[in-house]
Amino acid sequence: MSSSQDFKSIQENIQSALVNTTRLTNQIAAEDINFQRTSNPDVEEQLDDTSTRLLTLATSLLKSSTRNTDVKAPKLEDGDDIDVQWLRIVDVVDTLLEKADTCLDEYTGVIKRKNAPTDQSGPAAKKFRSSTLETSMRRANIAKPQDAFEVKPNNLDTPPWKPILTTKPHALVPLEESLRTFNDENQTTQYKHPYETEILKLEYPDAVFRVREPIKYQPVETTAATFVDTFEGVLEMLEELKNATEIAIDTEHHDFRTYSGLLSLMQISTREKDWIVDTLQPWRHKLEVLNEVFADPNIVKVLHGSYMDIIWLQRDCGIYIVGLFDTYEAAVALQYPSKSLAYLLKKFVDFDADKKYQLADWRIRPIPEEMFYYARSDTHYLLYIYDMMRNELLEQSTEEPEQNLIRQVLDRSKETSLRRHETFAYDAEGGQGPFGWFNMLLRHSAGRFSKEQFAVFRAVHKWRDEIARREDESVVYVMSNSTLFDIARRIPPDPKALHSLLDPTSPRIAKREAFNLFNIINKAKAEGANGPSVNEVIRGNAPSTMGVGEVAKSVFPQLRSNDAEVLPTQDLVSQSSRFWGEMPISSRWEESSGVKARKDVKFELPWAKFIKSGKLVEEVTPKSQPVTEEEDVISLEQKPNSVEPPANEQFTLKAGLRRKVPEVESESESDSGSESGEVEDRPSNLEPSSGASPGAEEIAVPDMDESEKEAKRTKKAEKMARQKARKQAGKEERRAKKLAKRAKMAAANASQAAEKGENEDEEPFDYSKAKSVLKASRATNGAPQGKKFNPYGMTVDGPKPARKMHGEKPGKSYTFKK
C-alpha cells in the first residue's frame, strides 16, 4: 500500500468488491443450478471445477487465518463438509472479524494502540485451553507394552476366569477356601470373590461416623508427586501407606490396542504425598503386594466412580479393595445436580479439571507434563472432598434406615467392591455376551438384512473376534463397525472389491487377511441362503414370555437381585377381559370342546356402533319399526339342524341400517330444506333371504309379535303427525313475518322516491355513441394525461404500498413497448 492512498479510498474499494461479489452470489443462488447441471454435461464439469477451486481457496484462507493460534482450521473437501464444519468456520470468521475490528479502531484512533510487549517480570499469562486432544496423544503409535509382560494376557482362555492371587493378606477365610466355584444366575460356572467374606463382615472405622474438621489439602505448587516405575519404589511406597488412615485411589485405562484392556496407570494419595504408579512394567503382576494396604479394613479407600476400577485392579494386578468409600455414591445420596468428579472438584476446591485427557493414550512413556498433572489432580484433592461429603452425610442422616445416608453410601460401596471380573466365550450362534453380535445388531437396526447378508455379517464378526484375540487387539482396531456392516450389505464379489471396502486407515491385519476373509464371505453367502433370518434369530433370543424387567436384568447384572421374587408373566396376565367378560373376542382364541352349547345364550351388543359400521346384507323392507330395550338382548337359540360354523371362518350378523320413512309432500319444501323423513336410530327386523341358512354363516334375529308391532307402528305415526304439525305452524309463522317485512321495505322505498323526484323517466345508455375502450388513445387532443396510479409507490397521505412478490430478474423476461 502506497502512502498516497488514504483509508477512505481503501475502504470504498473493499466495500465495492464485497458488494459485487455478494450480488453475483445471490444471482447464482437464484438460478436453477441442479437443472443446468443435469441438462448440460459441460456446465456440470465447469461447476465441479469451480466448486473444487472455491473449496480449496476457502480451506487455504481458513488455514492461513488460524496460523499461530490454538484454533484448528477445518478442511473442506466437498459441499457437505461446509454443513458439518459450519460451527468451526463461524468460529474462525468471528475471530477474524474481532481482529479486524480491533485493528480498524487502532488505525482510526478510536482506541490507543497497544504497546509492544516488554521483558518486565510478572505472572505468566494463562494459556488458552483447547477442548480437543491431538491424535498423537489420543492414539499413539508405540510398541505394545503387553509384549514385554512376564505374565502375558491369554485371550483364548476359556471361562471361568480364576483370580491371579497368590497370597491373601488380612484374610478371615484362607485363600484355598475362597477360590471356589459356583453357578451364577445364567447357570455359568464362575469363581467366587476371594474377599467376599471379608467385605460382607466389614465394620468401617469409627472415624467414618464422626463429624470432623476437614483436613486441608497440600498446595500443588509446593509439593511434588513421585513417579513409581520400579518394584523397589513400590515397596517404599507401601511402607508409607501402612501409616495412613485414609488413602485416595484412581486408575487410568487403555482399551484400543488390546483385546480385554490394559490398566495403564494408578494414582495413590495420602494427606501428605502423591504417587503415580506405572502399571505397564513387566513385573506388574507383583503389584498384588499392595493388598497389604488395599485389603486392610482399618484403612478407608476413597475412590470416585469405582465401578470399573475394581474390575481392572483385580484383572491385571490381583488387587482387591476392602473398606471402599465411593464419593459417587455419596453424590447420589446427597442429590447433587451432577455426580462427576469434575463437579466435585469445582464445588469444593474451585478447580477446573481438563477432562479431555480421559481419552488420552495412557501408554505413552514418558508421560507428558499436562497428562501427569491431570492424573495427579484426580486424587490430590479427593481426601478433602471425602471429608466435606462425609460431614454432610452425617448431618443429614438419622437413626431411621431410610434416612441414614452414611450407612446407605457404605452399603453401596460394599456392593461395588464385591464386583468380579468374568470372561466370556464367543457365542457364534446366538451372539450373546459383551463381545457378541446380537446387541450390535439391535443397536444398528439391521433388521432389513437378507438371509445371505445376515450370514455374512455373522461370519465376518466371528473372523474379526478371532483375529483380535490372537493379535491382542481390540475388535474395533482390526475392523470398524461401519466397515463390518458395509461388507455385510454389499457382499463383495471378488477380493479386489473387498479390499476397496476396507478403511484406508485400517491396520495391515485386515488387508493381510483379505484373501482368507473373502473365502469366508463366499462360504457364508452360500450357507446363508437356507439359514435363519434376522427376525427369527431375534425372536429366538427374546422369547415372548420374557418381560421388560427380565430383559433389563439379563443385560445389566447390577439390576439382578436374588432376594426379590419376580412373578412369572402368566401370573400377571388376566385370562378374561374386564370389558367383554368371559365372551370370546374371536373364534380363533376359543378352545375346541365337545361340550354342547346352552340353548339360551344372551349377550349385549353395542347397537349404535354396530349399526354405524354395519354392512347391508340384503334389501331392507320399507317398513319402519321401532325397537325397545328388550330387543338389545339377542337370544341365540340352537336349532337341531343347524351346522356349527368352522372355528376359523367368518360369519355375518344380519342387522338393519338407517332408513327413510315415506316422504310427505309439503308446499314449503324449498324453504325448510330436506324434510322427506326421519332417520331411525334403531335397526329394523329383516326378513331372511331365500336360500340362506341362518345357522351356517348368519345369525337370524327373531321377529316380534304382530300386536306389539302394530302398537308401536301406531305410536310412531302419531308422534310423526305431531312433529309435522309443529313444523307446519312454524313455517306459516315465518312466512307471515317475511311478507310483513317486505311490505315495510316497499313503503320506505316509495317515500324516498317521492322526496327525490324520481317520477321522471331515466334516459337509457346509448352504446352506439360511447367511446371505444380497446382503441382509446393515450392522450386527448394532445393534452397530457394525469399521473397513473402506482400501487407499489409510496404516497404522502395514501395507504401503505403493496409489496412486490416477484421481482423481475435480468435475462429472464422483457416487456416490449411501442
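When reading the values below, keep in mind they use all heavy atoms of this one structure, side chains included, and skip hydrogens, waters and symmetry mates.
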Step by step, work out the side-chain hydrogen bond (donor to acceptor under 3.5 Å, both in side chains) result for Asn141 and Arg257. CA-CA 10 Å; Asn141 187 16; Arg257 295 300 308 275; 4.8 Å; no
Can you list everything that forms a side chain to side chain contact (heavy atoms under 4.5 Å, CB included) with Ala488? Sequence neighbours excluded, please. Phe449, Phe457
Pair [X] + [Y]: basic N to acidic O under 4.0 Å:
| X | Y | value |
| --- | --- | --- |
| Arg412 | Asp326 | no |
| Asp465 | Lys462 | no |
| Arg212 | Glu246 | yes |

Closest non-hydrogen atom pair between [X] and [Y], with its separation:
| X | Y | value |
| --- | --- | --- |
| Ile215 | Tyr384 | O-CD1, 3.3 Å |
| Asp361 | Ala140 | OD2-N, 3.0 Å |
| Gln146 | Lys152 | O-CG, 3.8 Å |
| Val349 | Tyr217 | CG1-OH, 3.3 Å |
| Ser417 | His193 | O-NE2, 3.1 Å |
| Gly261 | Asp316 | O-OD2, 4.1 Å |

Return yes if some donor-acceptor pair links the side-chain N/O of [X] with the main-chain N/O of [Y] below 3.5 Å, else return no.
| X | Y | answer |
| --- | --- | --- |
| Asp378 | Asp250 | no |
| Trp161 | Phe424 | no |
| Gln314 | Ile310 | yes |
| Glu422 | Pro160 | no |
| Arg315 | Ser260 | yes |
| Thr230 | Gly233 | yes |
| Ser397 | Leu393 | yes |
| Arg284 | Thr279 | yes |
| His380 | Gln218 | yes |
| Gln267 | Ala375 | yes |

Between [atom1] of [X] and [atom2] of [Y], what distance do you get to the nearest 0.5 Å?
| X | Y | atom1 | atom2 | result |
| --- | --- | --- | --- | --- |
| Lys162 | Ile164 | NZ | CD1 | 12.0 Å |
| Tyr386 | Leu344 | OH | CG | 15.0 Å |
| Leu313 | His421 | CG | NE2 | 12.5 Å |
| Tyr191 | Leu165 | OH | CG | 13.0 Å |
| Leu262 | Phe149 | CG | CZ | 5.5 Å |
| Phe351 | Leu341 | CZ | CG | 9.5 Å |

The test is side-chain contact (heavy atoms from CB on, under 4.5 Å); show your working for Gln335 and Gln396 and say whether it passes. CA-CA 12 Å; Gln335 299 181 359; Gln396 297 185 18; over 6 Å; no
When you measure from the centre of the six-membered ring of [Y], is the NZ or CZ of [X] under 6.0 Å away and within 45° of the axis?
| X | Y | answer |
| --- | --- | --- |
| Arg139 | Phe256 | yes |
| Arg419 | Tyr307 | yes |
| Arg458 | Phe454 | yes |

In the structure I gave you, are the side-chain heavy atoms of [X] and [Y] within less than 4.5 Å of one another anywhere?
| X | Y | answer |
| --- | --- | --- |
| His304 | Ile385 | no |
| Met237 | Ile268 | yes |
| Phe348 | Met389 | yes |
| Asp274 | Ile276 | no |
| Asp157 | Thr423 | no |
| Lys286 | Val234 | no |
| Arg376 | Val220 | yes |
| Met440 | His461 | yes |

Please test Cys317 against Leu263 for side-chain contact (heavy atoms from CB on, under 4.5 Å), starting from the C-alpha separation and ending with a verdict. CA-CA 8 Å; Cys317 304; Leu263 181 65; 3.8 Å; yes
What do you reckon, is [atom1] of [X] surrounded by more than 12 foreign heavy atoms closer than 6.0 Å?
| X | atom1 | value |
| --- | --- | --- |
| Gln187 | CD | yes |
| Tyr381 | OH | yes |
| Asp206 | CG | no |
| Lys347 | NZ | yes |
| Glu429 | CD | no |

Relative to each other, are the rings of His253 and Trp312 parallel, tilted or perpendicular (30° and 60° limits)? parallel
In terms of relative ring orientation, are Tyr320 and Tyr195 parallel, tilted or perpendicular, with 30° and 60° separating the classes? tilted
Test item: side-chain donor near acceptor, [X] and [Y], under 3.5 Å:
| X | Y | result |
| --- | --- | --- |
| Arg464 | Thr483 | no |
| Glu252 | Tyr374 | no |
| Thr188 | Asn183 | no |

Would you list the atom pairs, donor with acceptor, under 3.5 Å between side chains in residues 196-204 and any protein atom, with sequence neighbours excluded?
from	atom 1	to	atom 2	distance (Å)
Glu198	OE1	Lys168	NZ	3.4
Glu198	OE2	Lys168	NZ	3.1
Glu198	OE2	Leu172	N	2.6
Glu198	OE2	Val173	N	3.1
Tyr204	OH	Leu324	O	2.6

side-chain contact (heavy atoms from CB on, under 4.5 Å) for Thr270 and Trp275? Distances and angles first, verdict last. CA-CA 9 Å; Thr270 61; Trp275 289 273; 3.8 Å; yes
The test is side-chain contact (heavy atoms from CB on, under 4.5 Å); show your working for Thr416 and Leu303 and say whether it passes. CA-CA 11 Å; Thr416 303; Leu303 289 87; over 6 Å; no
